[in-house]
Amino acid sequence: MSEVYESKNFIQEKIEADIDSGKHEGRVHTRFPPEPNGYLHIGHCKAIYINFETAAKYGGKTNLRFDDTNPVTEDTEYVESIQRDIKWLGYQWEGDPLFTSDYFDQLFDFAVTLINKGLAYVDPSSSDEMAQQKGTPTQAGTNSPYRDRPVEENLKLFHEMREGKHPDGAMVLRAKIDMSAPNMLMRDPIIYRIKHAHHHRTGDKWCIYPMYDFAHGQSDSIEKITHSLCSLEFMHHRPLYDWFIENIGIFPSKQTEFARMNVAYMITSKRKLLKLVNENFVEGWDDPRMSTLSGMRRRGYLPKSLRRFCEVTGVAKRDNLIEFELLESIVREDLNQSATRVMVVQDPIKVVITNYEEGKSELLPVANNPQDESAGHHEMQFSREIYIERGDFMLDPPKKYFRLAPEKHVRLKGAYIIKADSYKTDENGNVTEVHCTYFPESKSGQDTSGIKAKGVLHWVECASAIDVELKLYDRLFTDPTPDKHEGKDYIDFYNKDSLIVVPNAKAESYLAHVGSDESLQFMRKGYFIKDQSSSDDKLVFNRTITLKDTWAKMQKK
RNA sequence: AACCGUGUGUUGUAAUGGUAGCAUUUGAGAUUUUGACUCUCAAGGUAAAGGUUCAAGUCCUUUCAUGGUUGCCA
């Protein structure tokens with residue numbers, strides 16, 4: 001048996017080393033710990049992928065834990081959207097969703113433990129004073145005058161904090177570590193603060209809340225998480241993470257950091273996304289232009305594409321900026337495999353086939369997906385008057401133009417070859433109607449005409465066409481890193497053409513019956529999905545992405 | 001400046017000290033009843049300098065570049 005060398009990322013190598021050494025009896029348990037204060041975005045997508053896939057690879061489990069230690073910003077709306085999005089992505093967490101707030105009692109006890117060990121103290125210093133004490137990265141800090149407060153006094157004050165005897169900001173509980181540590185986080189970090197605020201789950205039970213550093217690691221430990229995978233920004237927190245676990249004496253979860261994924265033209269700052277929503281640059285968190293999972297779902301991206309995107313972009317520790325084109329190529333590749341082909345004319349111009357008998361019509365079969373024989377076909381009505389795309393007819397075509405022009409032949413996809421004979425114009429010289437003749441022997445699939453037509457056009461028969469609204473989406477920003485320019489706001493790079501509405505496109509009747517989960521390809525145009533805002537009276541389709549267009553690219557040169 | 005990280009084609013990511021590969025992108029061509037898809041070919045890379053070694057992207061040293069760290073956010 002020859003062994004194929006399998007390349008592993010650094011997290012997998014670390015886990016395999018742990019398994020080989022018998023750590024935790026080879027158990028692998030990860031967690032995804034979002035704060036419920038915003039919608040999940042492409043960056044979370046990567047974290048979800050890494051946590052769930054890594055555990056699954058080693059037969060382990062993954063918890064979903066809401067890191068809800070800041071009642072001021074958190075809300076149940078987000079708790080729900082987050083669960084919906086993770087499920088949509090295709091992952092299922094272990095058991096019920098968990099909440100850091102469920103551990104508030106234990107965390108309080110942990111704090112008491114530290115106080116009793118002389119490793120935490122209550123400090124009434126003001127915010128400014130504490131900042132002074134902290135020093136700077138190059139300058140050691142100084143001890144708080146309250147650092148050596150006796151244990152009994154700390155205990156009494158801490159309980160008073162809990163009982164609501166002190167207002168917000170009056171005092172905090174601090175860990176007693178090392179005010180001269182090179183790592184600023186080790187300079188007696190705050191672990192509990194007073195916040196007389198209503199919590200989305202614990203209500204008014206608490207008026208003190210633990211800080212992230214005093215909640216996250218311990219929550220991992222309580223859940224017996226073996227591998228706590230997080231992004232690089234928490235690297236500096238690892239010594240603190242370990243310090244608390246060690247000094248409280250609880251299960252030794254270990255943190256490993258990876259570089260978070262950055263994607264060109266997408267922003268992932270919750271605050272900046274929220275501003276786009278609040279100031280109506282987009283229609284909501286699920287606007288198809290947003291980098292949120294909800295947005296990408298509404299845009300028509302498939303969950304498997306997102307998973308594959310995460311896989312293909314890999315796991316490493318270096319900063320990265322993934323090209324948007326890579327995401328697009330994956331989205332196209334998956335959609336190409338499964339999308340139903342239909343014809344929709346975005347900017348119609350009427351074509352009259354003068355030698356086609358008036359009043360006659362026929363039904364012509366069109367393959368649902370040439371990539372997949374088993375997808376079958378549907379029928380399109382054909383008759384004397386049809387619409388084609390305005391841009392597919394030119395009076396004075398350039399070289400290598402395969403489309404319709406006077407005296408030129410084209411194939412109507414799935415139908416006949418036609419030749420343009422004449423046309424009508426309005427008073428401004430714009431073409432309003434094209435008159436053609438068709439070749440009865442050139443019928444699709446049984447062509448005996450011998451006529452060669454290089455161009456193939458999509459079309460929709462006038463009488464049976466239905467009106468639909470199209471929303472053509474493009475990237476939200478005109479710059480790949482809109483929020484990385486000094487002195488410029490990311491809003492300055494807002495792409496005003498990121499949404500173009502086509503109110504009256506002409507679609508074949510098939511679209512009247514599609515569901516909102518059916519991926520569609522509007523032939524020669526792009527991939528679309530029915531929007532949730534559609535009603536029986538008004539159908540709306542979102543453009544997921546265009547088809548590649550080499551002709552347009554050639555034209556630009 | 002100090003501390004902690006990170007440097008492989010345009011971008012992303014592989015390579016057990018032993019042939020620098022894959023995808024994307026770009027370009028050329030073939031094919032095509034979607035100027036799509038598919039196929040073929042091509043372009044393009046180990047930050048720099050030294051060292052160890054039969055052999056260095058990989059190990060060591062120095063330099064350079066780059067990210068993070070001075071919230072009662074997570």
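What you see is a predicted model, and the numbers here were worked out from it, not measured in a lab. Letters A, B, ... mirror the listed sequences (proteins, then strands); counts begin at 1. We use all heavy atoms of the structure for the numbers below, so side chains are in, but hydrogens, waters and symmetry mates are not.
- The side chain to side chain contact (heavy atoms under 4.5 Å, CB included) test applied to A:T481 returns A:L321, A:D479, A:K484, A:H485, not counting sequence neighbours.
- For residues 258-272 of chain A, every residue pair satisfying the salt bridge (charged side-chain N to carboxylate O under 4.0 Å, His left out) rule, not counting sequence neighbours, is listed here: A:E233-A:R260, A:K272-A:D483.
- Nucleic acid contact for A:V315: sugar-phosphate only, since backbone atoms but no base atoms lie under 4.0 Å from a heavy atom of the residue.
- We find that A:E129 and A:K134 are not joined by a salt bridge, their nearest charged nitrogen and carboxylate oxygen being 4.0 Å or further apart.
- Distance check on atom C1': B:C22 versus B:A65 gives 27 Å, rounded to whole Å.
- Look at A:D220 and A:R65 and you find a salt bridge, because one of the NZ, NE, NH1 or NH2 atoms lies within 4.0 Å of a carboxylate O, short of that distance.
- Relative ring orientation between A:F522 and A:F528 is described as parallel, the plane-to-plane angle staying below 30° on a 0-90° scale split at 30° and 60°.
- Scanning RNA chain B for stems, defined as runs of 3 or more consecutive Watson-Crick or G-U wobble pairs whose donor-acceptor distances all fall under 3.5 Å, gives the following ranges: B:2-7 with B:64-69, B:11-13 with B:21-23, B:25-30 with B:38-43, B:47-51 with B:59-63.
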- Task: Using a 4.0 Å heavy-atom cut-off, write out nucleotides 69-74 of chain B from 5' to 3' as B (base contacted by protein), S (sugar-phosphate only) or - (no contact).
- Result: SB-BSB
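- In this structure, B:G44 shows a glycosidic angle more than 90 degrees from zero, which is the anti conformation.
- Between A:K176 and A:D188 there is no salt bridge, since no side-chain nitrogen of the basic residue lies less than 4.0 Å from a carboxylate oxygen of the acidic one.
- Using a 4.0 Å cut-off between charged side-chain N and carboxylate O, A:E328 and A:R475 make a salt bridge.
- A salt bridge is absent between A:E223 and A:R31; no separation between the charged side-chain nitrogens and carboxylate oxygens falls under 4.0 Å.
- Below 30°, between 30° and 60°, or above 60°: for A:H199 and A:F104 the angle between ring planes is above 60°, a perpendicular geometry.
- Classification of the A:F158-A:F108 ring pair by plane angle, with boundaries at 30° and 60°, yields parallel.
- In this structure, A:D168 does not pair ionically with A:K195, as no charged nitrogen and carboxylate oxygen lie closer than 4.0 Å.
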- Item | Summary of protein contacts for nucleotides 32-39 of chain B, nucleotide by nucleotide, where a base hit scores B, a sugar-phosphate-only hit scores S (4.0 Å, heavy atoms) | BBBBBS--
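- A:R543 and A:D474 are not joined by a salt bridge, as no carboxylate oxygen comes within less than 4.0 angstrom of a charged side-chain nitrogen.
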- Query: Which letter, B, S or -, goes with each nucleotide of nucleotides 5-11 of chain B from 5' to 3', with contact meaning a protein heavy atom under 4.0 Å?
  - Reply: SSSB-BB
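- What separates CD of A:Q139 from C1' of B:C3 is a distance of 15 Å, to the nearest Å.
- Taking the charged nitrogens against the carboxylate oxygens, A:E389 and A:R524 have no contact shorter than 4.0 Å, which rules out a salt bridge.
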